[in-house]
Q: 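Below you'll find the structure I mean.
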Protein chains: 2
Amino acid sequence: MGHSKGNVVATAITLLDEYGLPGLSMRRLAATLGVQQSALYWHFESKQMLLAAMAEEILARGPRPSSSRAWDTEVTRRAVALRDALLAYRDGAELVSTVHAFGLGAEEPHRRLATSIESAGAAPPEARAAATVILHFVFGFTFSEQQHLQASSAGAIEGAPPSAAASRREAEPEPFRAGVALILDGIRARVPQQQRT
Amino acid sequence: MGHSKGNVVATAITLLDEYGLPGLSMRRLAATLGVQQSALYWHFESKQMLLAAMAEEILARGPRPSSSRAWDTEVTRRAVALRDALLAYRDGAELVSTVHAFGLGAEEPHRRLATSIESAGAAPPEARAAATVILHFVFGFTFSEQQHLQASSAGAIEGAPPSAAASRREAEPEPFRAGVALILDGIRARVPQQQRT
DNA sequence: ACCTGAACACCGTTCAAGT
DNA sequence: ACCTGAACACCGTTCAAGT
């Protein structure tokens with residue numbers, strides 16, 4: 001009866017988490033599914049399209065932040081939720097941010113951030129510009145963070161004291177919150193003052 | 001008499017500009033230099049190390065912004081200069097930002113930005129956090145921009161009206177300046193007010 | 001110090017053909 | 001609708017050996 005598209009994507013994400021992005025080959029994926037490599041090209045026109053579908057799925061599986069009446073709380077929660085979604089799978093940040101940069105999808109986070117920022121009283125173009133700043137910060141920060149996390153967990157047994165930090169950290173480090181807070185201050189400076197939160 | 005390291009890097013950058021990052025293979029580089037592939041591994045322990053050296057060279061070739069008494073002018077000029085450096089070669093933004101994320105170098109821009117921000121009166125840790133925000137914005141923005149530039153210049157003859165924009169644009173688009181300005185406002189909000197510029 | 005020759009263990013993609 | 005079989009045109013890296 002054959003594999004479905006969703007089926008293929010789910011298996012690909014499992015392999016991503018196990019072998020990382022460089023280890024995710026069409027051949028390995030096909031072997032895991034028990035088909036020939038060429039069969040994958042019936043489901044996806046290229047590996048890039050498969051990666052784009054994986055990025056969407058990883059985002060869809062991420063947490064959905066509870067909304068808030070305070071726009072800045074909401075924006076912060078969205079940034080934290082996005083970071084959590086990226087950290088949930090090995091090389092998640094690299095995958096999603098690359099798909100985004102190549103214009104192949106992963107646009108929901110930007111749209112949602114922009115909507116939350118508009119509720120602060122910003123005009124749509126300004127809200128989009130601010131959303132772009134936040135998005136690139138979250139992508140770049142989390143990409144770097146995930147690399148360092150994996151690099152240090154690679155030198156685990158043979159290396160420096162392993163420390164209490166697990167490879168898949170969820171709590172936000174101080175610099176992450178600080179970066180988001182800085183951008184929020186920038187937004188406040190450009191929006192009609194009305195309430196403090 | 002053999003090739004020098006700098007020689008190899010320079011040739012690699014030429015190939016990057018001509019074929020793009022996916023087209024830059026060790027085999028192609030070796031062939032262009034007139035040596036065997038294996039010879040490259042005498043100069044660089046891996047392709048990653050070659051890419052790191054290329055990133056440093058691309059940054060070193062970039063413009064050096066004139067300094068300014070006004071810290072915000074200086075930060076803006078550094079951001080613009082960094083973007084220009086990345087845009088100067090095909091896939092420059094992807095290359096440099098990836099090398100940076102993998103912790104293989106390309107740290108000068110961050111240090112320089114942090115220094116300029118400190119002169120606004122920010123404490124070093126705050127200045128570094130703000131520099132991180134700017135750096136990720138410039139990397140992410142320019143990466144996306146460069147992809148779109150190349151995608152549209154790929155569909156040149158056969159496509160929409162080519163427009164006046166060349167493939168290698170140097171003037172900053174409005175959203176780039178807007179993003180930098182937003183972050184500057186965020187910095188101003190966290191620093192003892194003294195002068196306006 | 002710098003490179004050759006040869007191999008190892010892989011890649012993404014296409015395409016005619018099958019059921 | 002979904003897959004096979006086979007091929008095409010590539011990859012990064014290692015290593016003994018040469019000069």
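On a predicted model such as this, the values are computed, not experimentally measured, just so you know. Lettering of chains follows the sequences in order, A, B, ..., and the numbering in each one begins at 1.
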Q: Using 30° and 60° as the class limits, which term best fits the ring planes of His136(B) and His100(B): parallel, tilted or perpendicular?
A: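 Judged by the thresholds at 30° and 60°, the geometry between His136(B) and His100(B) is perpendicular.
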Q: Whole Å only: how far is the CG atom of Leu21(A) from the C1' atom of dC11(C)?
A: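 My rounded result for the distance is 14 Å.
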Q: Can you check the Arg27(B) CZ to dC11(C) P distance for me, whole Å?
A: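 Taking CZ of Arg27(B) and P of dC11(C), I get 14 Å after rounding.
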Q: Can you name the atoms? Protein N/O to nucleotides 17-19 of chain D N/O, anything below 3.5 Å, with the distance.
A:
none

Q: Could you please spell out the steps behind the side-chain contact (heavy atoms from CB on, under 4.5 Å) verdict for Thr98(A) and Thr98(B)?
A: CA-CA 10 Å; Thr98(A) 303; Thr98(B) 301; over 6 Å; no
Q: Test side-chain contact (heavy atoms from CB on, under 4.5 Å) on Leu50(B) and His43(B) and set out the steps.
A: CA-CA 9 Å; Leu50(B) 168 67; His43(B) 297 282; over 6 Å; no
Q: Would you sort out whether Leu86(A) and Leu95(A) count as a side-chain contact (heavy atoms from CB on, under 4.5 Å), showing the intermediate values?
A: CA-CA 9 Å; Leu86(A) 303 179; Leu95(A) 171 61; over 6 Å; no
Q: Kindly check if the number of other-residue, nucleotide or ligand heavy atoms within 6.0 Å of CZ (Arg61(A)) is above 12?
A: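 Yes.
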Q: Rounded to whole angstroms, how far apart are CG on Asn7(A) and P on dA1(D)?
A: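 Rounding to the nearest Å, CG of Asn7(A) and P of dA1(D) are 18 Å apart.
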Q: Donor-acceptor pair, distance only, cut-off 3.5 Å: does the side chain of Arg177(A) make one with the backbone of Glu172(A)?
A: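 Not a single qualifying donor-acceptor pair exists.
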Q: What integer distance in Å separates Met26(B):CE from dC11(D):C1'?
A: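 In whole Å, dC11(D) C1' and Met26(B) CE are 11 Å from each other.
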Q: Could you tell me how far dA17(C) sits from dC2(D) if I compare only their C1' atoms? Round to whole Å.
A: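 Going atom to atom, C1' in each nucleotide, I get 13 Å.
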Q: Please identify each residue that fulfils side chain to side chain donor-acceptor pair (under 3.5 Å) with Glu108(A), with sequence neighbours left out.
A: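 Testing Glu108(A) for side chain to side chain donor-acceptor pair (under 3.5 Å), a comparison that skips the adjacent residues, returns Arg111(A), Arg112(A).
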Q: How would DNA chain D look in dot-bracket form, 5' to 3', counting Watson-Crick and G-U wobble pairs with both distances under 3.5 Å and writing | for bases paired to another strand?
A: ||.|||||...|||||.||
Q: Using the P atom as the point on both nucleotides, what is the distance between dC8(D) and dA9(C), in whole Å?
A: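 Pairwise P distance, dA9(C) against dC8(D), rounds to 23 Å.
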Q: Is a donor on one side and an acceptor on the other found under 3.5 Å between the side chain of Glu74(B) and the backbone of Ser68(B)?
A: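 Yes.
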Q: Is it the case that the side chain of Thr142(A) and the backbone of Phe139(A) share a donor-acceptor pair, with hydrogens and angles ignored and the cut-off at 3.5 Å?
A: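 The answer is no, because no donor-acceptor pair under 3.5 Å joins these two groups.
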Q: NZ of Lys5(A) versus P of dA1(D): gap in Å, rounded?
A: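 That distance rounds to 14 Å.
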Q: What salt bridge (Lys or Arg N to Asp or Glu O under 4.0 Å) pairs are there with at least one residue in residues 116-128 of chain A, not counting sequence neighbours?
A: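 Found none.
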Q: Please work out which residues in residues 42-51 of chain A have a non-hydrogen atom less than 4.0 Å from an atom of DNA chain D and list them by number.
A: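 Output list: Trp42(A), His43(A).
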Q: Return yes if some donor-acceptor pair links the side-chain N/O of Gln150(B) with the main-chain N/O of Arg90(B) below 3.5 Å, else return no.
A: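 No, Gln150(B) side chain to Arg90(B) backbone: no donor-acceptor pair under 3.5 Å.
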Q: Starting at CG of Leu29(B) and ending at P of dT13(D), how long is that distance when rounded to a whole Å?
A: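 Spelled out: CG on Leu29(B) to P on dT13(D) is 12 Å.
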Q: Could you check whether any side-chain N or O of Asp185(B) sits under 3.5 Å from a backbone N or O of Ala189(A), counting only pairs where one atom can act as donor and the other as acceptor?
A: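 No: the side chain of Asp185(B) does not pair with the backbone of Ala189(A).
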Q: Which atoms of nucleotides 4-6 of chain C (N or O only) lie under 3.5 Å from a protein N or O atom, and what are those distances?
A:
{"from": "dT4(C)", "atom 1": "OP2", "to": "Gln36(B)", "atom 2": "N", "distance (Å)": "2.6"}
{"from": "dG5(C)", "atom 1": "O6", "to": "Ser38(B)", "atom 2": "OG", "distance (Å)": "2.6"}

Q: Working note: Arg188(B) + Trp71(B), criterion side-chain contact (heavy atoms from CB on, under 4.5 Å); need CA distance, chi angles, decisive distance, verdict.
A: CA-CA 11 Å; Arg188(B) 283 190 196 99; Trp71(B) 68 271; 3.7 Å; yes
